[in-house]
Amino acid sequence: MAIKLTLTEDETEILIDALEADLEGYVEAAKEARGNNNREDVKTFTEAAERIQALKGKLEALLGD
């Protein structure tokens, strides 16, 4: 299902900033899980980080960043 949404540039930048903070949290959680040898959590957190990065990239492309 696709969702159409109209955002201002400022709103898009706010989303990008929020995604960046979320991304950092998942990357850090994956590192900690790796250090604890918890493979399942490493996979979960890494996949979440990748999905966030992809969405962040789409938004940045819309702004021309």
Side-chain angles (χ1 to χ4, degrees):
M1 174 175 94
I3 298 173
K4 290 187 177 198
L5 180 65
T6 303
L7 300 169
T8 65
E9 284 187 29
D10 285 346
E11 291 168 332
T12 304
E13 289 173 1
I14 289 168
L15 285 175
I16 290 169
D17 288 346
L19 288 169
E20 181 67 34
D22 205 29
L23 176 62
E24 290 173 8
Y26 278 106
V27 168
E28 187 60 35
K31 286 179 186 176
E32 289 179 20
R34 197 170 292 114
N36 293 330
N37 203 26
N38 187 336
R39 291 182 186 145
E40 188 173 321
D41 282 352
V42 171
K43 180 182 177 195
T44 299
F45 296 141
T46 300
E47 287 174 357
E50 289 168 353
R51 292 175 66 193
I52 291 167
Q53 183 64 48
L55 177 55
K56 184 175 163 283
K58 285 182 182 181
L59 292 172
E60 289 170 336
L62 291 173
L63 294 179
D65 289 350

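These numbers come from the heavy atoms of this one structure, side chains and all, not from hydrogens, waters or symmetry mates.
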Interatomic spacing from CG in Asp17 to CD in Glu20 - rounded to 0.5 Å: 8.0 Å
Rounded distance (nearest 0.5 Å) linking atom CD of Glu9 with atom CD1 of Ile16: 10.0 Å
How far does CD1 of Ile52 sit from CG of Asp22, to the nearest 0.5 angstrom? 4.0 Å
Side-chain cluster (under 4.5 Å, hydrophobic types only) that Met1 belongs to, other residues: Ile3
Just how far is it from atom CG of Leu19 to atom CD of Gln53, taken to the nearest 0.5 Å? 9.5 Å
Just distance, no hydrogens or angles: give the donor-acceptor pairs under 3.5 Å from side chains in residues 40-49, sequence neighbours left out.
residue : atom : partner : partner atom : Å
Asp41   : OD2  : Asn38   : ND2          : 3.0
Thr44   : OG1  : Glu40   : O            : 3.0
Thr46   : OG1  : Val42   : O            : 2.7

With Glu24, which residues qualify under salt bridge (charged side-chain N to carboxylate O under 4.0 Å, His left out), at least two apart? none
Is there a chain of hydrophobic side chains (I, L, V, M, F, W, Y, each step under 4.5 Å between heavy atoms) that links Ile14 to Leu62? no
So do the side chains of Leu63 and Glu60 get within less than 4.5 Å of each other, counting heavy atoms only? no
Working to the nearest 0.5 Å, report the span between NZ of Lys58 and OG1 of Thr12. 14.0 Å
